[in-house]
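Everything below concerns the one structure shown next.
Both backbone and side-chain heavy atoms feed into the values below; hydrogens, waters and symmetry mates do not. So you know, we letter chains A, B, ... as the sequences are listed, proteins then strands, and number each from 1. All values reported here derive from a predicted model rather than from experimental measurement.
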4 protein chains.
Amino acid sequence: MSDKRKRLIESALELFVLNGFQGTPTSQVAKHAGVATGTLFHHFDSKADLIQCVYQHCVDLRAEHSTISDGSLTVKQRLKDLFLGRIAWGLSNSAALTFIHRFENSAFASPDDELLKDPNLVALIQEGQSSRKLRLIDAALLQLSVESLLDSATRFYSRYPEKYQDEMHKYSSFNFFWTALKY
Amino acid sequence: MSDKRKRLIESALELFVLNGFQGTPTSQVAKHAGVATGTLFHHFDSKADLIQCVYQHCVDLRAEHSTISDGSLTVKQRLKDLFLGRIAWGLSNSAALTFIHRFENSAFASPDDELLKDPNLVALIQEGQSSRKLRLIDAALLQLSVESLLDSATRFYSRYPEKYQDEMHKYSSFNFFWTALKY
Amino acid sequence: MSDKRKRLIESALELFVLNGFQGTPTSQVAKHAGVATGTLFHHFDSKADLIQCVYQHCVDLRAEHSTISDGSLTVKQRLKDLFLGRIAWGLSNSAALTFIHRFENSAFASPDDELLKDPNLVALIQEGQSSRKLRLIDAALLQLSVESLLDSATRFYSRYPEKYQDEMHKYSSFNFFWTALKY
Amino acid sequence: MSDKRKRLIESALELFVLNGFQGTPTSQVAKHAGVATGTLFHHFDSKADLIQCVYQHCVDLRAEHSTISDGSLTVKQRLKDLFLGRIAWGLSNSAALTFIHRFENSAFASPDDELLKDPNLVALIQEGQSSRKLRLIDAALLQLSVESLLDSATRFYSRYPEKYQDEMHKYSSFNFFWTALKY
DNA sequence: TATGAATGAGAGTTCATTCAT
DNA sequence: GATGAATGAACTCTCATTCAT
């Protein structure tokens with residue numbers, strides 16, 4: 001990926017989170033990235049395309065940094081790695097996380113964007129249900145619930161970062177998470 | 001509240017959900033409500049004010065229709081009423097629900113808007129924890145988690161409305177919800 | 001027709017003839033007409049619509065000022081009135097005439113614009129052929145030819161305005177025109 | 001002439017006729033010709049220069065294919081060859097013909113472009129008038145009229161190509177043309 | 001000669017907001 | 001209170017042209 005394209009995406013992410021989609025003119029994104037206005041449209045079809053690409057970038061980033069640990073571990077251990085990984089990523093990538101939420105709830109998100117859900121997580125849940133380690137409720141509902149509980153925890157620690165230092169607190173949070181899901 | 005103001009809010013809700021904030025000019029809202037463009041600005045200071053008022057309207061509506069049943073019932077029963085009430089309201093007010101999500105994740109939402117969280121729910125959780133009916137994890141995390149689990153269930157039944165007819169399915173969903181929270 | 005709309009059309013006509021369609025920004029038209037840029041788009045959907053309306057305006061103007069004299073005159077006399085009327089109008093409305101030519105040969109002209117041909121002239125030719133005063137060649141070809149001969153004469157006198165003073169010259173020109181058409 | 005230059009001119013002709021001057025970016029011309037955007041500007045100084053060159057190309061083409069037959073034939077016969085030749089060329093080169101009209105009526109045409117009128121035709125008319133085969137009206141007016149009648153006939157047969165098959169029809173059309181001009 | 005990413009001035013158009021009626 | 005024509009700053013996007021390779 002060209003250097004200019006990368007800088008444009010990073011500038012867009014920062015500014016969109018700061019001022020919203022409408023509050024951020026493409027000219028400002030270009031200037032912040034140190035390129036000409038025309039260059040932005042050389043790399044992206046439109047502002048909407050830029051927004052979509054920033055979203056893709058954030059989702060890829062998140063997936064990359066919360067890869068589920070190797071399959072030899074127990075389901076519980078893998079969920080714990082995921083739980084802590086997601087929170088850690090959210091804390092050090094709050095802009096990307098905010099962007100994901102903003103985009104997914106905006107008019108820019110099309111139904112197809114469902115596809116961007118983390119496939120590793122989907123597989124883990126399936127495995128957990130098959131092996132009776134996770135509750136046998138409707139799989140789609142379970143997936144939605146897992147995602148939203150991960151989100152809640154991440155939001156929580158984002159808002160109270162001091163509690164993130166407390167290992168007991170995190171242990172207790174994960175315990176709540178696990179108890180909710182386990183068979 | 002004047003009739004025109006009401007129609008403006010309802011038109012705004014519908015159009016904002018359909019086309020987003022930026023995708024909906026005030027002129028379109030006015031036309032859809034059957035009033036002149038200038039009239040909108042007699043009732044609202046600005047477009048941002050209109051958006052804020054629509055949000056308030058939606059939150060009020062939701063609170064109104066998910067009043068928690070009287071305090072003599074058990075915590076579990078009241079949570080069940082809330083769980084089913086929220087889902088029912090979400091299914092028949094999907095526009096308002098989408099608007100709430102869209103607004104809360106947009107750049108329009110200020111931190112103060114936390115206050116608009118349902119106070120009845122906050123009180124119920126507090127009571128549940130005090131009387132050891134609900135898990136004793138961090139109260140703020142529990143609130144976030146309850147809200148997000150309610151959202152997950154609502155989103156789920158919005159997407160698969162046919163399952164909403166299945167009483168067993170709903171029972172199982174609530175059971176999952178309750179098991180996650182109970183002491 | 002509103003005053004601002006009229007001024008916009010007149011400014012557009014003048015500037016489009018002077019600098020062409022691409023050479024004339026809508027902002028310049030608005031400024032020349034003494035209105036805001038937005039006002040132009042309040043009266044016209046787009047630049048293309050403005051161009052179309054200017055064309056309509058010019059065609060109407062030409063038809064208005066070359067109304068064929070009353071039907072009691074001979075076909076020859078009516079054609080003479082038309083011939084001289086068209087030339088006179090062309091000489092004192094050269095901008096409008098240039099605009100008509102420019103538009104009709106541009107990519108803006110759609111096939112439907114054929115309809116804007118002068119209906120009085122069409123009727124006169126038909127009558128002339130029916131009464132065997134005009135040549136009995138293919139009516140469509142005759143119409144095209146009459147139009148183009150009128151154009152030629154107008155272009156000629158526009159380029160050599162001094163000859164327009166010479167009554168003999170005009171007589172001779174009409175004689176050529178008539179001889180070409182008569183039965 | 002280099003192969004790329006030739007392809008650029010042909011692409012430009014096709015696209016300018018289809019979408020107009022403003023509707024055709026140079027990048028599109030380059031792509032259609034299968035060359036890089038920069039290459040266009042090695043062969044032409046500017047877009048205006050390209051347009052001018054396409055015009056020159058079309059006028060040359062037309063002159064080439066409507067060479068007036070050898071001087072031993074009568075004026076009438078030579079005019080007939082010209083008349084039929086022009087129509088035939090126009091029918092099989094409608095893009096070039098449309099381009100000529102479009103250019104000559106556009107803001108790109110400078111007065112000097114008069115010079116591009118067919119010199120053979122000018123000479124033929126002069127000879128015809130000298131030898132009293134053609135009407136003795138103002139030579140400039142006669143030239144304009146001949147050109148415009150040739151255009152009318154060409155436009156006519158372009159619009160009704162089926163009539164072009166009818167030899168009687170063509171004979172009658174030429175007869176009309178000749179009667180208009182003859183002494 | 002050829003390339004095509006980069007440029008940036010400038011275009012058409014939008015739209016929140018005002019205000020005379 | 002209601003109207004809707006008018007405003008003009010600001011926006012997204014275009015495209016002729018350049019230049020390092």
Side-chain angles (χ1 to χ4, degrees), chain A residues 2-5 8 21-31 33-51, chain B residues 2-5 8 21-31 33-51, chain C residues 2-5 8 21-31 33-51, chain D residues 2-5 8 21-31 33-51:
Chain A
S2 101
D3 178 53
K4 301 209 169 181
R5 185 187 159 94
L8 281 164
F21 298 136
Q22 15 179 349
T24 308
T26 50
S27 59
Q28 199 188 340
V29 175
K31 179 184 280 183
V35 304
T37 54
T39 305
L40 192 155
F41 291 95
H42 188 72
H43 290 281
F44 305 96
D45 286 348
S46 62
K47 187 178 184 175
D49 182 39
L50 170 63
I51 290 171
Chain B
S2 97
D3 178 53
K4 298 206 169 176
R5 185 187 159 94
L8 281 165
F21 299 135
Q22 19 181 343
T24 308
T26 53
S27 59
Q28 197 189 342
V29 174
K31 178 184 278 181
V35 303
T37 58
T39 305
L40 191 154
F41 290 92
H42 279 298
H43 292 283
F44 306 96
D45 287 348
S46 63
K47 187 178 186 176
D49 182 37
L50 170 63
I51 290 171
Chain C
S2 104
D3 178 51
K4 301 208 168 178
R5 186 188 159 93
L8 280 164
F21 298 136
Q22 16 179 349
T24 308
T26 52
S27 59
Q28 200 189 341
V29 174
K31 180 183 278 183
V35 303
T37 53
T39 305
L40 191 155
F41 290 95
H42 189 72
H43 290 282
F44 305 95
D45 286 348
S46 62
K47 187 178 186 177
D49 181 39
L50 170 63
I51 290 171
Chain D
S2 96
D3 177 52
K4 298 204 170 179
R5 185 188 160 92
L8 281 165
F21 299 136
Q22 17 182 346
T24 308
T26 53
S27 60
Q28 199 188 341
V29 174
K31 177 184 282 184
V35 303
T37 58
T39 306
L40 191 154
F41 290 92
H42 279 297
H43 293 282
F44 306 95
D45 288 347
S46 63
K47 187 178 186 177
D49 182 37
L50 170 63
I51 291 171

Seminar exercise, completed: Shortest non-hydrogen pair, Leu8(D) vs Ala33(D), comes out as CD2-CB, 3.8 Å
Seminar exercise, completed: Taking Watson-Crick and G-U wobble contacts under 3.5 angstrom, with | marking pairs to another strand and [ ] crossing pairs, the secondary structure of DNA chain E is written .||||||||||||||||||||
For this session: Not counting sequence neighbours, which residues clear side-chain contact (heavy atoms from CB on, under 4.5 Å) with Phe41(D)? List them please.
Result: Thr26(D)
Exercise. Atom NZ in Lys4(C), atom CG in Leu40(C): separation rounded to 0.5 Å?
Worked result: 12.0 Å
For nucleotides 1-4 of chain E, tabulate all protein N/O to nucleotide N/O atom pairs closer than 3.5 Å, reporting atom names and distance.
residue	atom	partner	partner atom	Å
dA2(E)	OP2	His43(D)	NE2	3.1
dA2(E)	O3'	Lys4(D)	NZ	3.4
dA2(E)	N7	His42(D)	NE2	3.0
dT3(E)	OP2	Ala36(D)	N	3.1
dT3(E)	OP2	Thr39(D)	OG1	2.6
dG4(E)	N7	Thr37(D)	OG1	3.1
dG4(E)	N7	Gly38(D)	N	3.0

Exercise. What is the 5' to 3' range of DNA chain F, first to last nucleotide, that sits under 4.0 Å from any heavy atom of chain A?
Worked result: dC11(F) to dT14(F)
Exercise. In whole angstroms, how far is the P atom of dG12(E) from the CD atom of Gln22(C)?
Worked result: 10 Å
Exercise. What integer distance in Å separates Phe41(B):CZ from dC15(E):P?
Worked result: 12 Å
Seminar exercise, completed: 5'-most contact on DNA chain F (nearest-nucleotide basis), Pro25(D) vs Gly23(A), goes to Gly23(A)
For this session: Would you please name every residue forming a salt bridge (Lys or Arg N to Asp or Glu O under 4.0 Å) with Asp3(B), sequence neighbours left out?
Result: Arg7(B)
Exercise. What pairs with Ala36(C) under side-chain contact (heavy atoms from CB on, under 4.5 Å), at least two apart in sequence or on another chain?
Worked result: Thr39(C)
Seminar exercise, completed: Rounded to the nearest 0.5 Å, the OG atom of Ser2(D) sits from the NE2 atom of His42(D) at a distance of 11.5 Å
Exercise. Ala30(A) and Thr37(A): which non-hydrogen atoms are nearest, and at how many Å?
Worked result: CB-CA, 3.9 Å
Problem set entry | ring pair (Phe, Tyr, Trp, His ring centres under 6.0 Å) partners for Phe44(B), two or more places apart | none
Problem set entry | Reported NE2-to-CZ distance for the pair His43(A) and Arg5(A), which is rounded to 0.5 angstrom | 8.0 Å
Problem set entry | Those residues that, when tested against Gln28(D), pass side-chain contact (heavy atoms from CB on, under 4.5 Å) (two or more places apart) | Leu15(D), Asn19(D), Thr24(D), Pro25(D)
Exercise. For dA16(E), does OP1 or OP2 lie under 4.0 Å from any side-chain N or O of Thr26(B)?
Worked result: yes
